[in-house]
There are 4 protein chains.
Amino acid sequence: MTTRPTTLRSTTSTTSTTLRHGRLHVAIPGPSIIPERVLAAMQRPMPNIYEGPLVDVSSSLFADLPKIARTEGEAFIVIGNGHAAWQMAVSNTMRRGRKVLVLESGRFAVVWGEQAALSGVDVEVLPGAVDGPVDPGAVEDRLRADVDRGIEAVLVVLTDTASSVRNDIPAIRRAIDSARHPALLMVDAIASLACEPFEMDEWGVDVTVAASQKGLMTPPGIAFVWANDKALAAHERADMRVGYFDWESRLDVDAHYQLYNGTPPISHLYALREALDMIFEEGLENTWRRHEVLARSVWAAVDAWGGGRSDGLSCGIATVECRSHAVTTVRTGSVDATRLREVCEDQAGLTLGLGIGADVDRQFRIGHMGHLNPPMLLGTLGTIEAGLHSLGATIGSSGVAAAARVIGDAFA
Amino acid sequence: MTTRPTTLRSTTSTTSTTLRHGRLHVAIPGPSIIPERVLAAMQRPMPNIYEGPLVDVSSSLFADLPKIARTEGEAFIVIGNGHAAWQMAVSNTMRRGRKVLVLESGRFAVVWGEQAALSGVDVEVLPGAVDGPVDPGAVEDRLRADVDRGIEAVLVVLTDTASSVRNDIPAIRRAIDSARHPALLMVDAIASLACEPFEMDEWGVDVTVAASQKGLMTPPGIAFVWANDKALAAHERADMRVGYFDWESRLDVDAHYQLYNGTPPISHLYALREALDMIFEEGLENTWRRHEVLARSVWAAVDAWGGGRSDGLSCGIATVECRSHAVTTVRTGSVDATRLREVCEDQAGLTLGLGIGADVDRQFRIGHMGHLNPPMLLGTLGTIEAGLHSLGATIGSSGVAAAARVIGDAFA
Amino acid sequence: MTTRPTTLRSTTSTTSTTLRHGRLHVAIPGPSIIPERVLAAMQRPMPNIYEGPLVDVSSSLFADLPKIARTEGEAFIVIGNGHAAWQMAVSNTMRRGRKVLVLESGRFAVVWGEQAALSGVDVEVLPGAVDGPVDPGAVEDRLRADVDRGIEAVLVVLTDTASSVRNDIPAIRRAIDSARHPALLMVDAIASLACEPFEMDEWGVDVTVAASQKGLMTPPGIAFVWANDKALAAHERADMRVGYFDWESRLDVDAHYQLYNGTPPISHLYALREALDMIFEEGLENTWRRHEVLARSVWAAVDAWGGGRSDGLSCGIATVECRSHAVTTVRTGSVDATRLREVCEDQAGLTLGLGIGADVDRQFRIGHMGHLNPPMLLGTLGTIEAGLHSLGATIGSSGVAAAARVIGDAFA
Amino acid sequence: MTTRPTTLRSTTSTTSTTLRHGRLHVAIPGPSIIPERVLAAMQRPMPNIYEGPLVDVSSSLFADLPKIARTEGEAFIVIGNGHAAWQMAVSNTMRRGRKVLVLESGRFAVVWGEQAALSGVDVEVLPGAVDGPVDPGAVEDRLRADVDRGIEAVLVVLTDTASSVRNDIPAIRRAIDSARHPALLMVDAIASLACEPFEMDEWGVDVTVAASQKGLMTPPGIAFVWANDKALAAHERADMRVGYFDWESRLDVDAHYQLYNGTPPISHLYALREALDMIFEEGLENTWRRHEVLARSVWAAVDAWGGGRSDGLSCGIATVECRSHAVTTVRTGSVDATRLREVCEDQAGLTLGLGIGADVDRQFRIGHMGHLNPPMLLGTLGTIEAGLHSLGATIGSSGVAAAARVIGDAFA
């Protein structure tokens with residue numbers, strides 16, 4: 001038997017002041033901050049699962065989920081995490097041994113491809129940058145070269161949580177169309193759905209994948225797939241079907257449990273209902289705009305800290321248009337990113353996201369998604385700045401001051 | 001597009017008194033009553049998922065789960081419901097197109113088989129009763145006939161939630177052994193794990209499947225598979241592997257997320273931790289004993305109501321030794337079971353389980369699992385009795401009085 | 001320094017089975033069961049206390065409280081328990097050294113009088129029974145004899161929590177009127193407001209006192225006084241005013257805090273709002289009717305257990321019309337009430353109210369108020385019956401069976 | 001009938017962006033932020049109030065409360081707000097018509113005196129500043145002049161919540177001693193107990209008053225009085241006793257309810273237990289040090305914004321040594337404080353304290369007490385800075401940058 005969990009690092013270093021004694025703030029790029037209303041909604045006894053109010057909640061969720069992805073297509077709720085939604089997307093549409101083209105741009109699309117490969121698909125990765133977006137031209141070239149149309153789907157992420165790059169999905173769609181290729185366009189929007197514009201139907205996305213714990217402000221445990229008619233048609237001929245994930249019984253429903261292929265995820269359904277209510281109360285487009293302002297304030301802070309020096313802090317994604325509005329990877333130049341994260345956590349109760357990739361001491365990540373407003377974000381940035389001072393880092397100018405300026409300018 | 005959810009029955013009939021105004025009691029056979037401690041444990045902000053306290057919680061859960069199934073084997077937590085655990089068990093151990101033998105005894109083993117078939121296995125059902133246990137002799141006969149050893153696994157339930165039958169797992173193991181057959185014995189213990197004796201290693205079970213929402217007193221959303229060395233060896237040659245469920249990355253763990261193949265189900269991990277603490281505080285064997293007393297009190301109530309009359313109420317499983325300690329299916333004779341359930345819910349705030357199978361007006365089910373003690377169970381039985389009076393049903397004698405007698409006799 | 005708390009009995013005897021492992025049920029006559037909705041409403045961060053939504057909540061509460069006492073008079077919320085409301089009633093209306101007449105009927109009116117005496121009033125107790133109601137004729141006689149009108153107020157309880165007697169307030173009003181006496185009629189309705197009929201204005205009550213933790217289903221911590229014009233006029237000449245309790249600044253309000261004479265009891269205001277919503281959703285008169293059915297089922301159970309034997313169980317109040325609908329004191333005859341309470345708590349998780357008065361081993365109390373429905377009450381009665389069996393008590397017939405019959409007959 | 005609540009301003013102005021959509025942050029000087037642990041502790045069903053675990057909680061609280069005030073004296077818990085604790089202090093120790101000397105320094109000591117006067121004491125106010133501390137020399141002079149020792153007590157606040165001044169209690173004690181005056185020294189520490197040094201016994205304080213909702217991180221609803229032997233001796237001859245508040249039955253306790261003179265404030269006792277645990281985990285002196293760092297960062301921010309300009313922002317209390325560590329009143333110079341508060345609340349979800357006193361448009365207050373750490377406080381300061389930008393205010397330099405510097409320097 002393995003002793004797997006015990007080998008994991010479980011504790012953080014000890015603190016020597018008590019300044020952190022207050023509400024601990026976790027600013028990792030997901031799970032995001034769960035609103036009190038959403039947590040409270042989970043605080044309920046188990047209801048009847050065959051009929052009654054829970055069935056009404058389910059109905060309302062399936063009616064509302066397409067609005068979040070901006071589609072007339074079909075939504076599926078899978079009990080599972082983002083990896084489960086990846087699986088549902090692939091298992092329901094692909095054929096064993098046929099090819100999918102994974103568009104590399106950071107890390108997560110490639111991992112999706114690895115999972116698909118293990119499940120029986122032939123996976124080809126179109127090489128890309130670890131810190132930049134997919135090149136639509138390269139996509140078009142590769143698809144043009146696929147003369148026998150062996151590629152059945154193109155897999156890409158909207159935002160890569162590792163690099164914080166944001167891909168130009170409409171441009172990728174145009175590339176596919178220019179190549180006159182019939183492949184399905186499957187987009188992983190896990191990291192930023194409801195944080196930045198995403199228009200499934202208008203952009204020509206065939207399958208969208210998301211999960212609860214980022215912009216949807218719900219604890220991890222459920223995930224989502226949206227499929228348009230082209231994807232549902234692909235399901236008809238798919239031969240990699242897996243019972244748990246299968247769409248057929250989830251579409252032809254005459255008992256409530258079929259929506260979830262078994263017992264429904266009751267607590268999460270209550271939570272999601274509350275979270276979607278919050279988004280609709282704000283207005284989805286307002287939510288996008290809020291995230292944009294908050295993201296710009298983060299970038300202003302990083303730019304100010306960096307001060308244009310070559311060994312200063314900088315945003316991991318150089319081109320502003322390619323940056324996600326939900327997460328920012330920060331390169332720390334000569335500053336030890338691990339020590340910075342530790343001092344923020346130990347001294348001030350702020351948890352930053354560790355960088356994913358080789359250079360863990362030279363980058364960290366800030367999640368700025370979901371239930372987030374100026375006091376929360378400026379507190380994060382101010383604490384990072386305190387940490388930089390504490391480490392004796394040279395900064396260009398005050399980042400939190402710059403961020404406060406961006407936010408103040410956005411007030412009505 | 002389908003309009004699937006809207007066709008479901010969502011509302012119950014209206015009430016005309018307000019006697020139900022109090023704590024609504026749901027006595028369906030799962031999800032069971034979630035303890036306040038467990039619900040409270042879910043009321044927490046999201047932590048760092050890479051290191052820190054959450055990793056400690058994970059480690060403790062993987063250390064404790066084998067104790068619940070009484071095994072030295074490996075435990076897996078899958079984000080999903082019981083159907084997901086079914087899938088994990090089959091996908092990790094079976095080979096495409098090879099055979100599994102499903103032992104019918106009620107409904108759920110057969111549904112498991114249907115899911116396995118859709119996923120690529122050749123499924124054979126050994127016919128059994130809808131209201132009785134598996135016949136070990138028939139199992140032995142069938143396996144002896146499998147001279148070329150094409151059957152790779154035997155699938156059976158410990159308790160069938162529909163019929164409330166309890167199978168004699170050790171006898172089935174002996175049947176397999178008598179036939180000298182190498183098939184894996186895979187047991188679905190979803191409906192009653194931690195409610196009645198289950199000894200995975202001692203009984204020779206190779207794979208056990210369970211879920212959170214029954215005896216484990218945790219909301220639905222995570223499920224469990226335990227595998228012994230023989231099952232892990234089968235995984236080595238399995239060819240139906242599905243990425244999301246795959247054991248390999250879950251066993252060879254150097255990052256916390258691998259335990260869950262992606263983002264961990266944070267709220268449920270906290271909940272499960274609290275629930276396991278409660279079971280260990282009570283003592284697992286004491287938990288089994290408590291369920292036995294409560295089950296006997298239910299049977300005493302049904303017997304009293306029935307009064308031995310042919311058209312009276314009776315337990316769905318005639319043989320006491322074959323009854324589950326977690327759920328009881330009650331046949332209602334000349335009483336309209338649907339009206340009885342409606343009057344209990346509408347007038348008194350008690351939700352009973354509807355019968356699964358053709359005869360929904362002639363049976364109902366009482367869940368008596370998990371977080372349950374005499375005031376809760378006697379309240380359920382007393383309300384059913386009030387409902388019987390209300391419908392003008394002829395009863396032999398007071399069932400709740402008989403149940404109170406059984407429980408009083410069990411007091412120390 | 002005293003070591004006061006440490007001398008108190010803090011632990012109950014240990015249990016030797018684990019049947020109690022489920023939801024512990026506390027059936028004492030207050031604090032009553034707090035609904036989940038009410039507890040959840042308290043789970044909120046602190047708001048602005050000067051303006052905004054909290055002020056709206058306050059406004060709505062002051063608008064709704066008179067409906068609960070059925071008055072056009074003024075309502076006051078005092079942060080405190082029932083004793084604080086007693087104090088507010090007396091301090092705002094009485095004059096130092098003048099007389100109040102306390103109508104004895106059980107225990108609590110006398111204790112109210114003791115508190116008033118310590119605060120400076122001359123208190124006379126009109127002797128009454130410890131297990132019976134006030135005799136209106138005796139009240140009339142005493143007031144007729146008060147020729148110089150020295151008595152400024154008559155203090156009486158609606159329900160005495162100790163004896164479970166219920167007084168005939170309209171008859172007491174008629175007695176005062178027949179004596180043509182100007183004394184204020186001040187009624188302590190703490191134990192049963194919102195559980196049984198109470199019509200402040202119609203019955204001619206001048207001051208009503210209540211608290212949150214009984215029929216109003218809110219944790220203890222706030223209490224209430226209602227005053228009509230006659231009482232408010234008495235305030236004008238009162239000379240025992242105490243700053244904290246004083247009505248003047250609470251009536252002439254231009255800042256929110258004045259309603260509470262300082263910082264508002266935020267959590268309790270949220271809780272009360274939810275509890276009043278629940279009462280209005282049910283309909284106050286429906287709430288009264290529900291309590292009547294539940295009370296009758298308790299009495300039926302006690303009568304059945306007693307079986308008419310002289311040493312059997314019996315209701316503490318012989319006359320049905322004089323019994324409260326919120327609490328029942330049970331005399332246990334030859335049964336040891338202390339052992340019965342202990343066995344119910346230790347073995348089954350049911351806490352009964354101990355008898356107040358000399359004979360703690362020969363009586364106990366059942367609270368049946370507030371958030372209570374048939375499953376909860378029948379569970380209580382069934383468990384008491386199990387306890388009686390366990391102690392080898394002779395009972396006439398099954399009490400829980402009799403109660404289930406009463407409840408079943410009340411179903412629509 | 002009055003229509004008192006309806007005349008209150010209940011709503012804030014509407015927002016026109018949605019940047020505020022996140023966790024609303026209330027930075028008023030109390031009620032402070034309630035920790036999640038404390039709120040969760042209130043989420044419990046009502047227990048037995050006569051014996052069992054609740055009695056243990058009570059015992060532990062009475063054992064621990066003296067540690068918070070640093071005294072060997074007796075602690076009392078009163079269900080009520082700070083005004084109730086004021087009342088308990090005065091009613092238990094004073095004599096009707098005798099004199100107390102109130103030391104003016106801001107607003108709240110004077111209000112305490114007004115309450116005492118209404119309750120029957122002769123109150124003399126020693127005039128002081130609205131924005132400065134008590135002058136100990138003036139106290140000594142006044143007491144020396146009291147040759148017949150008519151003054152029975154001196155009332156003073158540790159921190160005045162309105163002005164944010166902090167008095168030098170040891171110096172006031174020395175003044176009393178220098179005058180060889182026997183008056184009791186009664187200190188209202190409501191606004192900052194557990195936030196800044198307070199040593200009841202060492203400093204010679206006879207009676208201390210506090211409440212739950214500031215440094216003690218518990219929702220409003222309970223308050224505290226500590227009394228030393230001299231104060232308890234005064235109780236013996238006091239003649240203004242009020243039953244509800246009376247110490248006698250609270251000291252001579254043989255039943256649990258006597259500690260609270262009636263039903264205990266159950267939810268708040270659980271909450272306070274958790275809050276005290278948090279303070280002891282941190283260490284009370286560490287808590288004081290944390291508040292000092294946070295307070296210095298606030299002052300640094302205000303100083304930076306002000307930039308030394310005469311019409312710029314400034315701390316309301318000029319002398320650093322006289323500033324409270326729990327609250328800061330900020331004078332806004334030429335900036336409209338009301339508009340600043342409105343823009344922070346409407347645009348960013350930050351609620352600031354309004355100034356108390358005539359000049360509401362020229363001052364606001366920041367509470368920085370209790371459950372507070374750098375991310376929370378820097379978020380507050382950053383948002384104020386954004387608000388200042390939004391209003392086009394001229395600021396000296398970035399306040400949040402200055403605060404981050406102070407905090408970074410304090411990291412270990």
Side-chain angles (χ1 to χ4, degrees), chain A residues 1-2 4-6 8-12 26 28 31 33-34 39 42-43 45-52 55-56 58-59 62 72 74 79-84 87 91 115-116 118-119 211 213 219-221 241-244 246 251 253 256 259-268 351 354, chain B residues 1-2 4-6 8-12 26 28 31 33-34 39 42-43 45-52 55-56 58-59 62 72 74 79-84 87 91 115-116 118-119 211 213 219-221 241-244 246 251 253 256 259-268 351 354:
Chain A
M1 294 302 104
T2 66
R4 47 200 160 124
T6 58
L8 299 171
R9 178 179 178 214
S10 67
T11 51
T12 57
V26 178
I28 63 177
I33 305 287
I34 308 299
L39 276 179
M42 300 178 79
Q43 196 73 358
M46 294 296 105
N48 193 345
I49 58 174
Y50 295 101
E51 59 190 17
V55 175
D56 292 335
S58 279
S59 294
F62 280 90
E72 300 287 319
E74 204 64 71
I79 312 172
N81 51 25
H83 287 52
Q87 188 74 52
S91 293
Q115 187 199 66
L118 180 58
S119 306
Q213 74 271 12
R241 291 164 62 182
V242 172
Y244 177 65
D246 203 59
L251 285 170
V253 169
H256 180 234
L259 291 169
Y260 307 100
N261 201 351
T263 304
I266 296 170
S267 304
H268 278 81
T351 300
L354 84 169
Chain B
M1 294 301 104
T2 65
R4 45 201 161 123
T6 57
L8 299 171
R9 179 181 176 211
S10 66
T11 50
T12 55
V26 178
I28 63 176
I33 305 286
I34 308 300
L39 276 178
M42 301 177 80
Q43 196 74 357
M46 296 296 104
N48 194 346
I49 59 174
Y50 295 101
E51 58 191 19
V55 176
D56 293 333
S58 278
S59 294
F62 279 90
E72 299 288 318
E74 205 63 72
I79 311 172
N81 51 25
H83 287 52
Q87 188 75 53
S91 292
Q115 187 198 67
L118 179 59
S119 305
Q213 74 271 12
R241 291 164 59 181
V242 173
Y244 177 64
D246 203 59
L251 284 170
V253 170
H256 180 234
L259 291 169
Y260 307 100
N261 201 351
T263 305
I266 298 171
S267 304
H268 277 82
T351 301
L354 84 170

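Only heavy atoms go into these numbers, but all of them, side chains included; no hydrogens, no water, no symmetry mates. Here is how names work: the chains are called A, B, and so on, in the same order as the sequence lines, proteins then strands, and each is numbered from 1.
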Going from CG on B:Leu39 to CD on A:Gln43, what distance comes out if it is rounded to the nearest 0.5 angstrom? 5.0 Å

Atom pair CD1 (A:Ile28) and CG (B:Asn48), whose distance is rounded to the nearest 0.5 Å: 5.0 Å

Given a strict heavy-atom distance threshold of 4.5 Å, which part of A:Val242 is in contact with chain B: side chain, backbone, both, or neither? both

Quick one: what part of A:Ile266 sits under 4.5 Å from any heavy atom of chain B, side chain, backbone, both or neither? both

Sequence neighbours excluded, the answer for side-chain contact (heavy atoms from CB on, under 4.5 Å) partners of B:Ala84 is A:Tyr244, B:Val78, B:Asn81, B:Phe245

For the atom pair CD1 (B:Ile79) and NE2 (A:His83), what is the distance rounded to the nearest 0.5 Å? 10.0 Å

Examine whether an atom of A:Asp246 lies under 4.5 Å from a heavy atom of chain B, and if so say whether it belongs to the side chain, the backbone or both; otherwise answer neither. side chain

Under a 4.5 Å heavy-atom cut-off, does chain B meet the side chain of A:Leu354, its backbone, both or neither? side chain

Between chain A and each of B:Ile33, B:Asn261, B:Ile34, count heavy-atom pairs under 4.5 Å; write down the option with the most. B:Asn261

Qualifying residues under side chain to side chain donor-acceptor pair (under 3.5 Å), relative to B:Ser91, sequence neighbours excluded: B:Gln87

Quick one: what part of B:Thr263 sits under 4.5 Å from any heavy atom of chain A, side chain, backbone, both or neither? both

B:Met46 versus A:Val26, closest heavy-atom pair with distance: O-CG2, 3.4 Å

Do you know which of A:Pro31, A:Pro219, A:Ser267 makes side-chain contact (heavy atoms from CB on, under 4.5 Å) with B:Ser267? A:Pro219

Chain B shares the most heavy-atom pairs under 4.5 Å, among A:Pro220, A:Ala211, A:Pro265, with A:Pro220

